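First the structure, in the form of structure tokens, and then the observations on it.
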Amino acid sequence: MRCVLPIRRCTCSRGCKIGMSTRTRLRDSHVTLAHGGGGKAMRDLIEDVFATAFNTDTTEDQARLTDTALADPGARLAFTTDSYVVHPVEFPGGDIGKLAVCGTVNDLVVGAARPLWLSASFIIEEGCEIDLLRRVVASMRTEADKAGVRIVTGDTKVVERGSADTVFITTSGIGVIPPGRHMAAETIRPGDVAIVSGVLGDHGAAILIARGDMALSTDIRSDCASLGHLIEAVLAAAPDTRAARDATRGGLASALNEMAATARCSIEIDESALPLRTEVKGMCEILGFDPLYLANEGTLVLFVPPDQADAALAAMQSQETGRNATIIGRAISGTSGRVVMQTIFGGMRIVDMLVGEQLPRIC
Amino acid sequence: MCLGIPGQIIAITDADLMMAVAEISGVRREVNVACIAEGAPLETLVGTWTLIHVGFAMSRIDEDEAAKTLDVLRELGEAQEVLDAMAEGAESLRPRR
Amino acid sequence: MKYVEEFRDPAAARGVLAEISRVTDQIGATADAPVRIMEICGGHTHAIFRYGLDKLTPDGIEFIHGPGCPVCVLPRSRVDECIDLAEQPDVIFTSFGDAMRVPGSYKSLLQAKAQGADVRMVYSPLDALELARRNPDREVVFFGLGFESTTPSTALTIQQARRTNVLNFSVFCNHITVPPPIKALLDDPHMCLDGFVGPGHVSMVIGLRPYDFIAQDYGKPIVVAGFEPLDLLQSVLMVLRQIRDGRAEVENQYARVVPAEGNPVSLAAIADVYETRPSFEWRGLGEIDASGLRIRPDYATFDAEQKFQIGYGAGQARAVAEPDGCACGEVMTGRVKPVACPHFGKGCTPELPLGALMVSSEGACAAYYQYGGARAVEVAK
């Protein structure tokens, strides 16, 4: 099926500015296969739900992009893509739409890029509530505005009930890395200081509890947030910041293992320094989880040279998304790709990558 | 074997089925309290600390016994401090080169 | 966290660690001739590695990781039977997360789920019972697994199922008991253990007396221990002191949770619902007399073995051979270290476990691999 977003700006005689007619044509309460059929129903869904929120204004199937940042000599383009399949679609602290914007924006900003444009593709399960779609799309718009990106192109497909879980979203992102910036894990040197931007595991814990299978209840909310402003503040204060990574799936442990392997060094962290909410600790104790492996969606770990660590930390703490930033360890010379942790008890243990997914255990 | 964690009973939800809400570090879960009820009215369990395992309050936690265990550990620590101080004293008496 | 954090205070460990060193010296134990202490319970194995306690204690102490991990000792035939049950069209098969990755002869529960079986992870058997209430047209089977600490939970759930008339609920009972395998270990002519750290949460149910035979008949010290690092260190010290003084007693370090007589409600529920099987197969250890429980005929409606005519319920003993060269049995009896197994870190990793000890994070091999990581593999090579 051809690309169906961007959408034609409204041509009504009233000079409507929001990209569509003010008259709502979409009367259905749930998505049916007809909404993916390429006919009027699909047009109505797209115009009413998506175009309104994303406010696109081109008549073409492709977005045509210009930005002065691209013209800077030495500027580089950054391009990334990610798919989002969270269950439940709405959870404390966010929804799949917010996640789809923040996640892709964060993939750009941890490489020092300034995010500019996103695409958004939706695979919608037949029967999905249209009001739910509206909420998801609205939160995408809100997050995009916060992050300073525009959603400029997209697509929708509808699949039969059971072929998807309510809605899946794929977003791709384009950003520009200004000249002179180079953040990459290979530049990490022994002695560099590791800082996390906030408490660990909130997203993973919030999702697990929201699923309801374990019948637990808490006030934990997902940390889902875009981190562009945080990175910009860090780079202004600590220009030699080596590398950053958002600690998403697989948690902090996976991010650190990947960074240690790329940097060909070891990383040592201090368990007693890890910022964790009491509730997350409690949930981990109940289910036998290790918070190092819980997903985060608005928390990153970065490495800075030791003489800029204080400046970077202060810059992070000055940002809303970095209030709880903490130094947790450092890179050390040693076996490539090894992450070790000084336990709260003074012992040492290796922190390996996660095998499979964490399963709740009784033993 | 047997992940168990201390939690506090904060409310009774179903006296007939002996269900209550326990709180563990800000996480709440409905648990069965049959093992700790001991025939007393269930309401008296509110506030009780208990060891939670697979959705059951399995045993009451005895505060005095917990304190006793910590006392033994503290005494070992204090004894060690005395030994450390003695070793330090001996060190300081040693003639300096 | 009350009753947790104060038992994790590293400052409080200094004194007990120093005393452990002194007593180890007094015994004359060295790296070449160590004191061998078995922590029976997999929870203790996990804690030792999680906190790095093996590296904090003197070289003269060797921890032998015992058989107290219920998923590790589950024979492959029982996993196969779980999968047979799970793959029946009307069945919702419920299990603790621990058992999901345990390999059977052909596949694990996780793989059966991927292939379409309705397998669901639950935190409590009560959640499985609730699932049965909400799905009256389906058969909900709960995988009853664990030692005496977990047995009361399924017993009480079965009692509740009968009381509330939830007849589409049943338990596939694989409950096992701690004392018989310990006796089997002590009867082993290769046995080389000097003392035991006993499973605290088992004792919270059964009390202290069931261990008397360890001290009285075999002359070995045992200290029932809590699960925080200070609990474990204090218990190790208590075992060492008994060895030094030539005593063999059952001592209770975990008195804040473990009453000497156990929990009467739990014991009554177990006695009401379960009876001892003549024998039960343990992975790596073989059949052990009177080491497993089954549901009494009075509760047959809730017994998945009877309801589905499967496993011991079908009267057949389905012994399935362990993979060639798998050393799980020897590791569990303390005869070899995980890294000495020819498969460790090669054909057997947490990603693709061959033996049961690599599956659960309580298994000695998985704990070695996970917390020793690459280094343990280097040693193996």
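Here the structure is a predicted model, which means the values were calculated and not measured.
B:Val54 places none of its side-chain heavy atoms less than 4.5 Å from the side chain of C:Val122. Within the 4.5 Å cutoff, no side-chain heavy atoms of C:Phe227 are placed close to those of B:Leu3. Using a 4.5 Å heavy-atom cutoff, the side chains of B:Phe56 and C:Leu126 are in contact. Residues B:Thr69 and C:Tyr254 have side chains not in contact (no heavy-atom distance under 4.5 Å, counting atoms from C-beta outward). Counting only heavy atoms from C-beta outward, the side chains of B:Arg60 and C:Arg256 never approach each other to under 4.5 Å.
With hydrogens and angles left out, the side-chain atoms of C:Ser153 and B:His53 include no donor and acceptor closer than 3.5 Å.
Among the candidates B:Ala67, B:Ala79, B:Gly77, B:Ala66, the residue making the largest number of heavy-atom pairs closer than 4.5 Å to chain C is B:Ala66. Chosen from B:Gly7, B:Ala37, B:Ser59, the residue pairing most often with chain C at heavy-atom distances under 4.5 Å is B:Ser59. Chosen from C:His46, C:Glu19, C:Arg22, the residue pairing most often with chain B at heavy-atom distances under 4.5 Å is C:Arg22.
Residue B:Asp84 touches chain C through its side chain alone, counting heavy-atom pairs closer than 4.5 Å. Contact annotation for C:Pro259: only side-chain heavy atoms (C-beta onward) come within less than 4.5 Å of a heavy atom of chain B. At a 4.5 Å heavy-atom cutoff, B:Ile24 makes no contact with chain C through either its backbone or its side chain. Using a 4.5 Å cut-off between heavy atoms, B:Glu75 does not touch chain C at all. B:Met18 does not touch chain C: none of its heavy atoms, backbone or side chain, sits under 4.5 Å away. For a residue to count as touching a neighbouring chain, one of its non-hydrogen atoms must lie under 4.5 Å from one of that chain's; by this rule C:Thr164 touches chain B with the side chain only. B:Ile61 touches chain C through backbone and side chain together, each having a heavy atom under 4.5 Å away.
To the nearest 0.5 Å, atoms OH (C:Tyr3) and CD (B:Gln8) are separated by 9.0 Å. Remark: B:Leu70 CG to C:Glu6 CD distance equals 6.0 Å, nearest 0.5 Å. Taking CD from C:Gln253 and CD from B:Glu65, the interatomic distance works out to 10.5 Å, rounded to the nearest 0.5 Å. With rounding to the nearest 0.5 Å, the separation of CD1 in B:Ile36 from CG in C:Asn263 is 9.0 Å.
Test C:Val265, C:Thr150, C:Val205 against B:Met58 for side chain to side chain contact (heavy atoms under 4.5 Å, CB included) and you get one pass: C:Val205. Just one of B:Leu73, B:Val72, B:Leu76 meets the side chain to side chain contact (heavy atoms under 4.5 Å, CB included) condition when paired with C:Leu237; it is B:Leu76.
The environment of C:Gln26 atom CD is dense: over 12 non-hydrogen atoms of other residues, nucleotides or ligands sit within 6.0 angstrom.
Of the possible polar contacts, none joining the B:Asp62 side chain to the C:Ala255 backbone as a donor-acceptor pair under 3.5 Å is found.
The pair B:Arg29-C:Asp127 counts as a salt bridge, with a side-chain nitrogen and a carboxylate oxygen less than 4.0 angstrom apart.
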Starting from the C-alpha separation in whole Å, work towards a yes-or-no answer on side-chain contact (heavy atoms from CB on, under 4.5 Å) for C:Leu156 and B:Cys35.
CA-CA 9 Å; C:Leu156 288 160; B:Cys35 297; 3.6 Å; yes
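In terms of heavy-atom proximity, B:Gln80 sits nearest to C:Gly15 at CB-CA, 3.9 Å.
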